[in-house]
Amino acid sequence: MNQLELSEQEIIRRESLNELEKLGINPFPAEEFPVTHYSEDIKKGFEEHADDFKEVSLAGRIMGRRIMGSASFAELKDKKGRIQIYLRRDDICPEDDKTLYNTVFKKLLDIGDIIGIKGFVFKTQMGEISVHVTSMTVLAKSLRPLPVVKEKDGKVYDAFSDPEQRYRQRYVDLIVNDQVRDTFRKRTRIINSMREFFNANDYLEVETPILQSIPGGAAARPFITHHNTLDMPLYLRIANELYLKRLIVGGYEGVYEFGKDFRNEGMDRTHNPEFTVMEIYVAYKDYKWMMDFTEEMIEKVALDLHGNTKVQVGDNMIDFKRPYKRISMLDSIKEHTGYDIAGMDIAGLRKVCDTLEIEYDESMGKGKLIDEIFGEKCEASYIQPTFITDYPVEMSPLCKKHRDNPELTERFELMVNGKELANAYSELNDPIDQLARFQDQLNLSEKGDDEAMFIDMDFVRALEYGMPPTSGMGIGIDRLTMLMTGQSTIQEVLFFPQMRPEKKKERDGEEKFTAIGVPAEWVPVIYKAGYLKVDELKESNPNKLHQELCGLNKKHKLGLQNPKPDEVKSWVEN
RNA sequence: GACUCAGUAGCUCAGCUGGUAGAGCACGUCCCUUUUAAGGAUGGGGUCCAGGGUUCGAAUCCCUGCUGGGUCACCA
């Protein structure tokens with residue numbers, strides 16, 4: 001990389017890197033650095049057991065330095081937190097040679113560098129538990145300056161807060177923003193908590209294909225890719241459902257999968273093109289059983305994460321304590337609109353939509369109309385966890401018809417904070433009904449519903465061998481994490497949310513410039529002057545260009561032989 | 001996709017009804033042996049997102065584009 005493309009601070013750090021090497025210090029050593037203690041453990045344990053901390057060895061990143069002549073304080077950050085370290089020249093350099101302190105620590109190390117230290121723990125006059133360093137090892141040099149976030153009395157100064165930079169360079173976000181690292185730890189603890197719960201019930205964790213020739217199990221637009229050897233299109237899965245049910249046919253009585261689904265749809269604060277879901281299927285159960293199971297699971301997650309069932313989400317305090325309210329979709333609509341739509345036909349539903357001022361179009365069937373009414377008038381009011389049950393049959397092609405009403409299905413969704421969190425069925429296991437439902441979906445797609453499902457004949461064949469009555473449930477892990485950590489955007493709970501790629505400015509290669517007579521060593525200078533393409537150079541004023549180049553040469557002390565005005569002219573006019 | 005706000009130093013941000021850029025932190029040099037958002041002195045650092053336009057003159061006004069945020073729409 002040419003130095004003209006670096007900022008002053010980056011150049012200085014690279015020079016420091018060279019200086020370290022000149023002193024015989026490898027800035028990127030290979031050896032293991034044995035760590036005996038972590039920052040937070042020292043701070044927690046020192047008062048009570050001071051004797052345990054007479055020799056400590058820890059490693060981490062320098063997050064701040066306060067140098068006072070021959071003594072210095074620095075902040076060291078490791079996986080558990082920060083601790084102050086105290087370095088005194090004559091302690092780390094007991095001999096005559098004071099280079100390690102005067103040159104290496106004071107001049108060549110920077111905020112962001114990773115070091116290992118050995119020393120003993122003590123308490124400063126200010127009362128802060130610190131490590132008095134007796135030896136220091138450079139473990140990795142940082143070549144880019146880190147945003148310096150400071151904090152006093154709980155108030156954060158100069159926070160690294162621009163969402164675009166935070167998401168694009170999540171590593172920097174994680175280094176600098178402790179609460180971000182904590183959110184992702186919580187995400188993993190949520191998943192672990194669920195996994196424990198399933199395993200305790202002897203359900204089997206499995207993996208099913210992500211690349212599918214028929215994307216099934218949900219209504220959504222898929223991503224399409226292509227397999228070269230098979231020379232056929234493949235789809236990224238939009239749901240795990242159909243494969244997991246095949247495993248129930250195969251004789252497992254409980255299977256679950258944490259996995260990524262992919263949907264080629266809009267992106268916003270609650271949608272990312274790839275997202276994580278957990279789906280679980282348990283044989284010989286129905287959706288009523290699954291409601292109990294789901295609330296038990298969610299209550300456990302909340303308890304494991306917070307020690308209690310209450311979580312603050314925005315302005316709302318949500319309580320995940322069992323049991324949750326249960327209400328059928330039709331009752332909910334009756335409650336919120338006053339309309340009893342049970343048994344209504346399409347015309348009746350459209351009339352209800354008209355009076356409630358809900359928009360709809362001709363392609364919508366009964367199910368979709370009911371869903372619109374529910375979505376518009378009811379959904380947002382369910383802040384505390386609530387099971388909405390018994391959805392219309394048209395909306396649920398993989399769900400068993402309701403035991404008491406063939407227009408409905410044995411389905412529930414768990415609503416929390418006004419949004420869908422989990423979705424579950426008594427699974428449809430009648431292959432003849434299943435095929436008919438798929439065909440209904442095909443009709444919908446012919447009507448223009450581009451989210452209607454494909455027909456998966458192999459899945460129907462599997463059902464023809466017989467699937468035990470089964471209940472299945474799916475839950476969005478990203479949304480659950482948002483709720484449990486009080487985040488309002490999905491980007492805050494995904495390490496690397498989808499972003500438009502960063503654009504690099506196009507520029508002509510060196511050879512295009514040398515072709516018109518520009519010496520190779522001057523090409524970076526020309527870039528720096530703002531001429532990224534030969535064509536742009538051709539349109540420039542040669543006198544101005546000559547001045548700019550000589551000026552840059554001088555300013556950046558490049559030590560190049562300045563070109564003659566005629567030479568520059570010849571590049572431009574050739 | 002619509003509307004709206006924003007993009008200025010490594011980071012966080014000022015910059016008025018147009019006069020060619022500032023602060024704090026960070027960085028360089030110097031002083032200081034228990035400081036703590038350390039302090040003091042001093043110095044360097046910018047394609048003001050990009051491209052057009054208006055103007056004697058644009059970070060500033062106008063248009064177009066790029067990227068992101070917010071709201072809405074779409075999204076079982």
Side-chain angles (χ1 to χ4, degrees), chain A residues 6-13 15-16 64-75 82 84 86-91 101 107 110-112 122-128 130 132 142-168 172 176 217-221 238-239 263-271 273 329 359 367-368 370-372 374-375 379 388 391-392 394-399 409 411 413 420 423 425 441 449-453 474 488-489 491 499-503 505 527-532 548 555-556:
Chain A
L6 298 172
S7 71
E8 184 194 28
Q9 292 192 47
E10 289 173 294
I11 292 166
I12 289 166
R13 282 169 183 244
E15 282 168 358
S16 297
R65 285 193 307 170
R66 299 180 285 280
I67 294 172
M68 302 157 301
S70 60
S72 300
F73 288 91
E75 299 281 328
R82 287 180 182 223
Q84 175 170 273
Y86 175 62
L87 294 97
R88 200 160 57 176
R89 185 183 62 203
D90 298 332
D91 289 330
Y101 182 78
K107 293 207 162 67
D110 293 285
I111 289 175
F122 75 112
K123 204 168 178 179
T124 64
Q125 287 174 4
M126 300 299 291
E128 180 159 349
S130 309
H132 190 126
S142 162
L143 296 181
R144 283 179 188 262
L146 223 45
V148 178
V149 179
K150 296 203 169 173
E151 202 187 314
K152 192 187 187 183
D153 302 330
K155 204 176 164 192
V156 177
Y157 299 81
D158 296 336
F160 179 63
S161 57
D162 176 29
E164 177 169 5
Q165 288 198 74
R166 290 210 300 117
Y167 303 154
R168 285 195 195 280
V172 177
V176 145
R221 279 189 290 267
I238 55 175
R263 296 188 184 177
N264 204 343
E265 290 169 349
M267 287 164 57
D268 59 29
R269 51 162 44 208
T270 56
H271 297 84
M329 186 174 239
E359 284 180 32
K368 202 130 188 176
I370 295 171
D371 189 45
E372 284 294 314
F374 178 80
E379 192 171 89
I388 306 297
Y391 283 62
E394 295 89 341
M395 298 168 55
S396 315
L398 301 165
C399 183
T409 52
R411 170 178 180 180
E413 286 194 357
E420 172 196 342
N423 182 23
Y425 309 147
Q441 290 289 308
D449 183 345
D450 56 2
E451 290 189 340
M453 294 186 193
S488 58
T489 73
Q491 286 77 20
M499 305 281 279
R500 279 204 164 76
E502 286 178 86
K503 254 201 217 147
K505 245 193 238 164
Y527 290 149
K528 180 73 177 176
Y531 304 94
L532 299 181
E548 285 174 333
K555 184 175 169 190
H556 292 279

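Just so we're clear, the structure is a prediction, and the values are computed from it rather than from any experiment. By convention in this document, chain letters (A, B, ...) are assigned in the order of the sequence lines, proteins followed by strands, and residues within each chain are numbered from 1. Heavy-atom basis, side chains included; hydrogens, waters and symmetry copies ignored.
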Once you apply a heavy-atom cut-off of 4.0 Å, does A:E420 come out as touching a base, just sugar-phosphate, or nothing? sugar-phosphate
Remember a base hit wins even if backbone is also touched, and classify A:K123 as base, sugar-phosphate or nothing at under 4.0 Å, heavy atoms. nothing
Separation of atom CD in A:E15 from atom P in B:rG44, rounded to whole Å: 18 Å
Residue set satisfying side chain to side chain donor-acceptor pair (under 3.5 Å) with A:S16, at least two apart, ordered chain then number -> none
What I'd like to find out is whether the side chain of A:R166 reaches to under 4.5 Å of the side chain of A:Q491, using heavy atoms alone. no
Applying salt bridge (Lys or Arg N to Asp or Glu O under 4.0 Å), name anything that partners A:E10, two or more places apart in sequence or on another chain. A:R144
Over all strands shown, is A:R89 touching base, sugar-phosphate only, or nothing at heavy-atom distances under 4.0 angstrom? nothing
As an exercise, state the distance from CE of A:M395 to OG1 of A:T409, rounded to the nearest 0.5 Å. 8.0 Å
Only counting residues at least two apart or in another chain, list the ones meeting salt bridge (Lys or Arg N to Asp or Glu O under 4.0 Å) with A:R66. A:E75
So what's B:rU4 paired with, Watson-Crick or G-U wobble, going by both distances under 3.5 Å? B:rG69
Ignoring backbone atoms, establish whether A:K150 has a side-chain N or O less than 4.0 Å from OP1 or OP2 of B:rA26. yes
Could you say whether A:P501 or A:H132 is positioned toward the 5' end of RNA chain B, judged by the nucleotide with the nearest heavy atom to each? A:H132
So which nucleotide from B:rU34, B:rU67, B:rG69 ends up closest to the side chain of A:M68? B:rU34
Who are the ring pair (Phe, Tyr, Trp, His ring centres under 6.0 Å) partners of A:F73, not counting sequence neighbours? A:Y86
Base-pairing mate for B:rU29 - Watson-Crick or G-U, with both contacts under 3.5 Å: B:rA41
Atom-to-atom span, CD1 of A:I111 to C1' of B:rC25 - whole angstrom: 9 Å
Please enumerate all residues that pass side chain to side chain donor-acceptor pair (under 3.5 Å) together with A:D268, with sequence neighbours excluded. A:T270, A:H271
P atom, B:rG44 versus B:rU4: distance in rounded Å? 44 Å
Do nucleotides 1-13 of chain B as a string where each nucleotide becomes B, S or -: B if the base has a protein heavy atom under 4.0 Å, S if just the sugar-phosphate does, - if no protein is that close. ---------BSS-
Return the 5'-most residue of the pair A:G266, A:Q491 with respect to RNA chain B, ranking by each residue's nearest nucleotide. A:Q491
Across the strands shown, which category fits A:F122 at heavy-atom distances under 4.0 angstrom: base, sugar-phosphate, nothing? base
Please evaluate the base of B:rU35 for a donor-acceptor partner in the side chain of A:Q125 within a cut-off of under 3.5 Å? no
Using only side-chain N and O atoms of A:R269, determine if any of them is under 4.0 Å from OP1 or OP2 of B:rG70. yes
Can you find an N or O donor on one side and an acceptor on the other, under 3.5 Å apart, linking the side chain of A:D268 with the base of B:rC75? no
